[in-house]
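Count residues from 1 along the sequence. Excluded from the calculations below are hydrogen atoms, water molecules and symmetry mates; all remaining heavy atoms, backbone and side chain alike, are included.
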Amino acid sequence: MENVTLNNGLEMPLVGYGVFRVPDGDDLAEAVKTAIAKGYRSIDTAQVYRNEESVGRGIRAAIDEGLVAREELFVTSKVWNDGLSYEETLAAYASSLEKLGLDYLDLYLIHWPGLDTNYIKAYKALEKIYQDGRVRSIGVSNFHVHHLEHLLKETTVIPVINQIEFHPHLTQEEVRNYCKEHRIQVEAWSPLMNGSLLEEALIQQLASKYNKTPAQIVLRYDVQHGVVTIPKTMTPSRMTENLDVFDFALADEEMAQLDAMNDGLRCGPDPEKFNFK
């Protein structure tokens with residue numbers, strides 16, 4: 001596993017394990033433990049996924065069985081900041097910790113900006129949690145440039161992460177360039193577009209050339225762009241495959257070909273239109 005160094009000096013694995021749209025339950029707890037056993041050290045969940053309890057059970061089982069120490073893990077959750085006040089955001093963090101059964105998180109994010117500027121109140125609560133040493137880093141998700149500009153004017157702690165939808169059909173170059181300029185690490189959610197990217201002819205051709213799976217080609221594309229990526233799978237063999245992307249490199253012209261697939265196609269909501277409904 002390779003890591004990136006965040007703007008506060010914390011190291012984060014380039015490939016993590018995502019659990020979006022995975023129901024709470026024993027299957028998820030077992031999958032999280034299995035992912036850790038296979039080498040994943042970054043686990044990403046969120047308040048709105050309603051699965052923090054199972055994610056926490058899987059993490060604690062892995063720790064209890066000696067598969068990993070807590071300090072080796074990088075655990076992320078996100079606040080669903082729909083109309084939340086400063087105090088309610090503080091309470092949401094405490095609730096996530098309780099559900100996960102952990103003493104702290106490595107990263108806590110604002111999940112969506114929304115259509116107003118309520119995220120400023122929520123982020124100031126995140127700053128309080130960070131300054132009190134209760135979380136190791138804070139950041140945002142789905143923020144466009146104007147959201148980030150406003151945030152940086154109104155707050156003091158630069159986000160370590162902006163987690164956005166990123167894949168060859170949605171390269172978000174303007175956002176990535178702004179983040180690079182301000183030392184904000186970009187992280188990709190839905191890097192495989194819920195699997196639809198795996199049928200693309202170019203990606204299949206590259207998979208054949210490198211003797212890799214289509215998913216590995218896309219994840220390698222993320223890694224070479226310096227983007228943290230968090231694919232989701234419940235299948236143990238695919239967990240292994242998704243980590244095995246550090247023994248080859250795509251050529252510059254192949255990266256350019258994948259970039260050229262960009263057509264603004266989203267598999268999730270547009271942050272400019274999404275308002276928690």
| request: For His225 and Asp259, test the side chains for any donor-to-acceptor distance below 3.5 angstrom and give the result as yes or no. | output: yes

| Can you find a heavy atom in the side chain of Ile230 that is under 4.5 Å from one in the side chain of Gln163? | yes

| said: Give me the atom names and distance for the closest heavy-atom approach of Met1 to Leu14. | reply: SD-N, 3.9 Å

| message | Has Asn51 got a side-chain atom pairing as donor or acceptor with Val19's backbone, closer than 3.5 angstrom? | response | yes

| Using a distance-only test with no angle check, is there a side-chain donor-acceptor pair under 3.5 angstrom linking Asn118 and Lys121? | yes

| request: Assess the side chains of Arg220 and Gln216: does a donor N or O sit below 3.5 Å from an acceptor N or O? | output: no

| task | Considering non-hydrogen atoms only, spot the tightest contact between His167 and Ser190 and give its length. | result | CD2-O, 3.7 Å

| query | Take atom CG in Asp252; do more than 12 heavy atoms of anything else shown fall under 6.0 Å from it? | reply | no

| Would Glu187 and Thr76 satisfy side chain to side chain contact (heavy atoms under 4.5 Å, CB included), going step by step from the backbone distance to the final call? | CA-CA 12 Å; Glu187 181 177 14; Thr76 300; 5.5 Å; no

| request: Name all pairs fulfilling the salt bridge (charged side-chain N to carboxylate O under 4.0 Å, His left out) condition that reach into residues 88-108, sequence neighbours left out, sorted by first residue then second. | output: Arg70-Asp106, Asp106-Arg136

| More than 12 non-hydrogen atoms from neighbouring residues, nucleotides or ligands closer than 6.0 Å to CG on Asp26, yes or no? | no

| said: Looking at Ala125, is its backbone amide N or carbonyl O close enough to the side chain of Tyr93 to form a donor-acceptor pair, meaning the two atoms are under 3.5 Å apart? | reply: no

| query | Same cluster or not: are Ile217 and Phe246 linked, directly or through other Ile, Leu, Val, Met, Phe, Trp or Tyr residues, by side-chain heavy atoms under 4.5 angstrom apart? | reply | yes

| message | Does this structure show an ion pair linking Asp44 with Lys232, if we count only N-O contacts that are shorter than 4.0 Å? | response | no

| query | Between the side chain of Lys78 and the main-chain N/O of Thr45, is any donor-acceptor distance below 3.5 Å? | reply | yes

| For the side chain of Tyr130 and the backbone of Tyr108, is there at least one donor-acceptor N/O pair under 3.5 Å apart? | no

| request: Using atom types as modelled and distance alone, determine if a side-chain donor or acceptor of Thr233 lies under 3.5 Å from a backbone N or O of Met239. | output: no

| message | Quick check: closest heavy atoms across Leu100 and Val55, and the distance to 0.1 Å? | response | CD2-CG1, 3.9 Å

| Exceeds 12 heavy-atom contacts within 6.0 angstrom, atom CZ of Arg60 | yes

| Can we call the ring centroids of His111 and Phe274 under 6.0 Å apart? | no

| task | Check step by step if side chain to side chain contact (heavy atoms under 4.5 Å, CB included) holds for Ile110 and Phe143. | result | CA-CA 9 Å; Ile110 291 180; Phe143 274 45; 4.1 Å; yes

| remark: Of all heavy-atom pairs linking Pro191 and Asp222, the shortest is CB-OD2, 3.3 Å

| message | Do His144 and Ile164 make a side-chain contact, defined as non-hydrogen atoms from C-beta onward lying under 4.5 Å apart? | response | no

| message | Are the side chains of Ser137 and Phe74 in contact, using a 4.5 Å heavy-atom criterion? | response | yes

| remark: Applied to residues 150-160, the side-chain hydrogen bond (donor to acceptor under 3.5 Å, both in side chains) test, sequence neighbours excluded, yields Glu127-Thr156

| message | Any side-chain to backbone donor/acceptor pair from Ser54 onto Asp24? Under 3.5 Å, distance only. | response | no

| query | Nearest heavy-atom pair of Asn262 and Leu170: which atoms, and what distance? | reply | OD1-CA, 3.4 Å

| said: Using modelled atom types and a 3.5 Å cut-off, is there a donor and acceptor pairing between side-chain atoms of Asn162 and backbone atoms of Gly139? | reply: no

| query | Any sub-3.5 Å donor-acceptor pair from Asn7's side-chain atoms to Arg183's backbone N or O? | reply | yes

| message | Under 4.5 Å between side-chain heavy atoms, counting indirect links through other Ile/Leu/Val/Met/Phe/Trp/Tyr residues: same cluster for Val145 and Ile120 or not? | response | yes

| message | Counting C-beta onward and ignoring hydrogens, is there a side-chain heavy-atom pair between Leu126 and Val135 closer than 4.5 Å? | response | no

| task | Take Ile138 and Val157 through the test side chain to side chain contact (heavy atoms under 4.5 Å, CB included) and record every step on the way to the result. | result | CA-CA 8 Å; Ile138 59 174; Val157 179; 4.0 Å; yes

| request: Answer yes or no: does atom CZ of Arg266 have more than 12 heavy-atom neighbours from other residues, nucleotides or ligands under 6.0 Å? | output: yes

| note | Tightest non-hydrogen contact, residues Asn3 and Pro13, listed as OD1-CA, 3.2 Å

| Just wondering, more than 12 heavy atoms not from Asp132 lying within 6.0 Å of its CG? | yes

| request: Answer yes or no: is there a donor N or O on one side and an acceptor on the other, between the side chain of Glu165 and the main chain of Cys267, under 3.5 Å? | output: yes

| Side-chain donor-acceptor contact under 3.5 Å, Ser96 with Glu52 | yes

| task | For residues Tyr221 and Phe166, establish whether the separation of their ring centroids is below 6.0 Å. | result | yes

| message | Quick one, Glu200 and Val218 - any side-chain contact, counting heavy atoms below 4.5 Å? | response | no

| field | Exam field: side chain Lys33 to backbone Arg57, donor-acceptor pair closer than 3.5 Å | value | no

| Side chain proximity check, Tyr178 to Leu152, heavy atoms < 4.5 angstrom | yes

| Residues Thr89 and Asn81: side-chain donor-acceptor under 3.5 angstrom | no

| Asn242 side chain reached by Leu219 side chain, heavy atoms, under 4.5 Å | yes

| query | Taking side chain as C-beta onward, heavy atoms only, is Leu206 less than 4.5 Å from Glu254? | reply | yes

